[in-house]
Every structure is written in structure tokens, then in C-alpha cells.
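For reference, the structure is listed below as C-alpha cells.
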Amino acid sequence: LGLAPWLATALVAGICRGGVAVVLRGAAEPNATAAVVAGHGATAAARSLVTGNATHMSAVGRTRGPRVYFLFLAVDKVSNFEVWRAFFAHAPSDKYRAYIHCKEESCKTQVAGSPLVAVPTVPSYYCTDLVSPMNQLLNVALAEQNDWAHEADKFTFVSDSTLPAKPFHFIYNTFTNRHGSDFCVFPSAEWADAPSPGGGIDVAVKYHQWITLERNHAQKAWDLWKTGHWHHFMAYFRMNQDSGAWATNGFGDNHNFGCLDEFWHMLALYGPLQHPGAGAWQDRTLPMFVGGPLRISAGTGWQGECDTFVVWSKYLHQAGQNPFSRMYDMLDQTSVPHSGNFARPGWWDTISEHGLRAIRHSSFLFVRKFVDKPHLYDGSDFAQSYAELVLDT
């Protein structure tokens, strides 16, 4: 087939798993790639292409170690792609996979021949449905060697404006030694609620889109999504329908704001959390939720496990455990990002070498948002300095 070894293995694993269709692109070309997508059965022709290697590959697959799946969502490109190339250059090929969902063809052109493999594009819509491409990435990643899965595999979502804040070995060791899924939970004033049929309220927890799932959670999320589970979330919780209340919304007030990708996975995995009402509090132990128990009450700050730094100005200095404020305070004035607003997070277009070192020494595994090719205040080559100060240390 002319495929990279891990892509050939993915192809075999998908066919052996059953219930998949295989899409091959440019199989006769030296840089051919493959993607495995959901379907109702592999074709006989596709099976015949890989039968000869199936036995050998299955033996290898059963003994593999944990793997981190980097799942990128992009529109037209990945900003500062040279940094990601440097990051994966230090990564053993058996310890990771990197898939990307591209909205536009220019993105697929950019990543062709790189460690990032583009998956078939599915329809997506800002805010109302970015979960479809997220779960498309899970679908493809899960199809790869699913029969020989490792319980410590992790599936981490990455935006097209994100950069790694640590070298590969650090991120790999952190993920594969951490048990559970990482959700960076917003302060409770941002959560959604609706009257519960049994009395009290049903609560949907809001979190950063850039989550990391353990394998069983990733599989459950995909299995539920394809059945239509909670596709009606935006309507049920009357999201973004009270525009006059966005500045003063609070916990349990039935004024709900946010996007499907900030609620769906946690809602699907744990269901709406029943709660007596806005004035009550409770601690809930959620299975495989890193950083628990989850405090459900008014006035709670950041909770869970926050893998990715980002500036939400409204909650940057929220009281309590606040890793965002701690990293922000490590930055020199030149490296302070733009603040953003209530609907959009802040971003960097300039940073110093001191700021790059602060990123490396922070508690975060990833940072966002960076414009493409930001200005390095005290240097000439952002990508080179980033690799030397963040990824090579």
C-alpha cells in the first residue's frame, strides 16, 4: 500500500474490528495515507489488501504500551505548525497518533506528509455543533487497534491556535500515569440548568472544550453520539436565549450561555446532575473524573484538571485554586496576552523569551491562543526559540 507502518496497522485493526469502512487516498503514491471511518462493513477488496500482514500486526498490537492520541480541530491551517513538527520530532512513533479534522482543503494540504493525519471532514457549525468533528476524531482514533486497546490510552483535543507547553516525554508521562479524564470546569456561574422533572434542577457542567478522555470515556462518548444522545442539548437548556442576562447570569438561575462543545461530553458521560436548587450545595464523586469530587453550588471557582492555559478575562483572577492566575503572574509585561472578552478568549501576538520560559515552568501541558508567527520581542525566530526554550528542556 505504501503506507506508514502505523497507518497500515490502523487499517488492519479497523478491518479486524468489524463494522468499519476504509477510505484510501492516493494509495499508489509514495506518501499515501489512510483513514478509518464508521460504516457498516469493510469491502472485500479492502480486506484483501491487508490479509497477508494481519497475523503479524495483531501480535504486535496486543503487546503495545499506552498511547496518546492528539486530536486537532482546525479551520484552514494549524498556526505555528513548525513548533508542532519540532514537538513530534522527539516523539517515539509507537507512543502517539495525531489526527486532525480540517474544515477547509488548505488545512489538509498543509499537514500532508506530516505526523498529523487528516480524517474525513464532517459538517460543523460554530457554537451549535463542533462536537461532530470532535467525535469524528474519536471515531477514527478508536478504530485504530481497538481490539488491542491499552487502558492507559488518552485522547486529548487540541485547537489550531494551541501550542505544547512541555516536551513530548513530559506530556506522555503525565497523561499515561494519570487515571481518568481531564475536564477544566468553569466557575459554577457559567453552568447551565433547567427545571428537573423530579423537582429541583438538572445541572449541565460547563468546561473548556479542550478536554482529555481516558479510553473508556472516549468509547462511550462515540457510542452515545452516534445514537443521537443529547443532540438536543442547546434547545433543552435554552442556550443563549436570554441575551440581556449574559453579564449577570449565575448558578441555578436558568439563564444559560455557551456552546455545545463546552457541555456535551461531560453531560453524555455523567448525565445531568440533579440538584435541590440554587441555594444548596453538594459534592459529587464522578467516576474517572480527575480532580474530584465536584462541588455543586453557587460561588465555586475552577475545578477538575486544566491541561490548557487560556485567558478568560472574567475569571482570570477567580478566587480559589486558580492555575490560570498563577501562570499569568509569571509573565513579564511584554508577554501578557490580549484579554479577549466575555465571548472570546485572549490571545498572544507578542511574547518574550522570559514568557516562553514561564510557559515551560507552568503547570500546563498546552497553551493557547497564539496567532500564526507571533512577534518574539527579544529574538528573531519565534519557532526556533520556542523549540529551544520549551520543547528541548
Side-chain angles (χ1 to χ4, degrees), residues 4-10 12-14 16-17 36 57-72 84 87-88 90-100 115-117 119 134-158 162 164-185 207-225 265-266 268-270 285-294 303-308 363-366 391:
W6 73 266
L7 284 172
T9 306
V12 174
C16 291
R17 178 189 183 200
V36 184
M57 289 180 179
S58 65
V60 173
R62 289 193 183 97
T63 60
R64 73 167 176 85
R67 183 169 290 154
V68 176
Y69 293 82
F70 295 85
L71 308 178
F72 289 77
W84 282 108
F87 173 80
F88 286 117
H90 297 279
S93 61
D94 61 330
K95 294 186 182 300
Y96 82 96
R97 297 289 182 262
Y99 293 104
I100 184 168
L116 276 63
V117 175
V119 305
M134 292 178 73
N135 287 338
Q136 170 75 332
L137 286 162
L138 287 180
N139 172 31
V140 173
L142 289 164
E144 191 253 351
Q145 290 194 343
N146 188 67
D147 290 338
W148 316 305
H150 197 289
E151 63 179 4
D153 288 345
K154 290 297 174 67
F155 301 77
T156 188
F157 289 94
V158 182
T162 293
K166 302 291 184 288
F168 175 85
H169 67 84
F170 189 105
I171 292 176
Y172 176 85
N173 290 335
T174 300
F175 279 149
T176 57
N177 287 291
R178 181 184 289 166
H179 301 292
S181 295
D182 300 349
F183 291 91
C184 184
V185 174
Y207 53 87
H208 286 184
Q209 177 185 4
W210 312 107
I211 60 179
T212 300
L213 299 177
E214 57 96 25
R215 177 169 275 277
N216 287 337
H217 277 170
Q219 185 67 61
K220 181 178 179 180
W222 167 243
D223 290 343
L224 290 172
W225 178 255
H265 286 89
M266 199 163 171
L269 295 173
Y270 299 115
T285 299
L286 305 176
M288 302 300 283
F289 173 84
V290 176
L294 181 74
Q303 298 187 73
E305 185 67 39
C306 298
D307 296 330
T308 301
S363 63
F364 293 96
L365 302 181
F366 306 98
L391 305 183

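All residue numbers refer to positions in the sequence shown, counting from 1. None of these values were measured; they are calculated from a predicted model.
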* Asked: Can you check whether Thr176 reaches Val68 side chain to side chain, under 4.5 Å on heavy atoms?
  -> yes
* Asked: Okay, side chain of His150, backbone of Ala152: is any donor-acceptor separation there less than 3.5 Å?
  -> yes
* To do: May I ask you to say whether Lys220 pairs ionically with Glu214, meaning some side-chain N is under 4.0 Å from a carboxylate O?
  => no
* To do: Report yes if some heavy atom in the side chain of Thr308 is under 4.5 Å from a heavy atom in the side chain of Phe157; otherwise report no.
  => no
* If we only count heavy atoms from C-beta on, is the Tyr207 to Gln303 side-chain gap below 4.5 Å? -> no
* To do: May I ask you to check whether Tyr96 and Phe88 place their ring centres under 6.0 Å from each other?
  => yes
* Are the side chains of Phe72 and Leu137 in touch, meaning some heavy atoms are under 4.5 Å apart? -> no
* Asked: If only atom types and distance count, is the side chain of Asn177 paired as donor or acceptor with the main-chain N or O of Asn173 below 3.5 Å?
  -> yes
* To do: For the pair Arg215 (side chain) and Lys154 (backbone), establish whether a donor and an acceptor sit closer than 3.5 Å, ignoring hydrogens and angles.
  => no
* Once the angle between the rings of Phe168 and Tyr172 is folded into 0 to 90°, is it parallel (under 30°), tilted (30 to 60°) or perpendicular (over 60°)? -> parallel
* Asked: Are Pro164 and Ile171 close enough that some pair of their side-chain heavy atoms sits under 4.5 Å apart?
  -> yes
* To do: State, with a plain yes or no, whether a side-chain heavy atom of Asp307 is found less than 4.5 Å away from one of Trp210.
  => no
* Asked: After noting the C-alpha distance and the side-chain angles of Phe289 and Ser181, does the key distance pass the side-chain contact (heavy atoms from CB on, under 4.5 Å) rule?
  -> CA-CA 5 Å; Phe289 173 84; Ser181 295; over 6 Å; no
* Structure fact -> All heavy atoms of Asn135 vs all of Trp222, minimum pair found to be O-CE3, 3.5 Å
* Between Phe87 and Phe366, does the ring centre distance come in under 6.0 Å? -> no
* Report yes if the side chains of Asp153 and Tyr69 come closer than 4.5 Å at any heavy-atom pair, otherwise no. => yes
* Apply ring pair (Phe, Tyr, Trp, His ring centres under 6.0 Å) to His265 and list each qualifying residue two or more places apart in sequence or on a separate chain. => none
* Close side-chain approach of Phe155 and Thr212, heavy atoms under 4.5 Å -> no
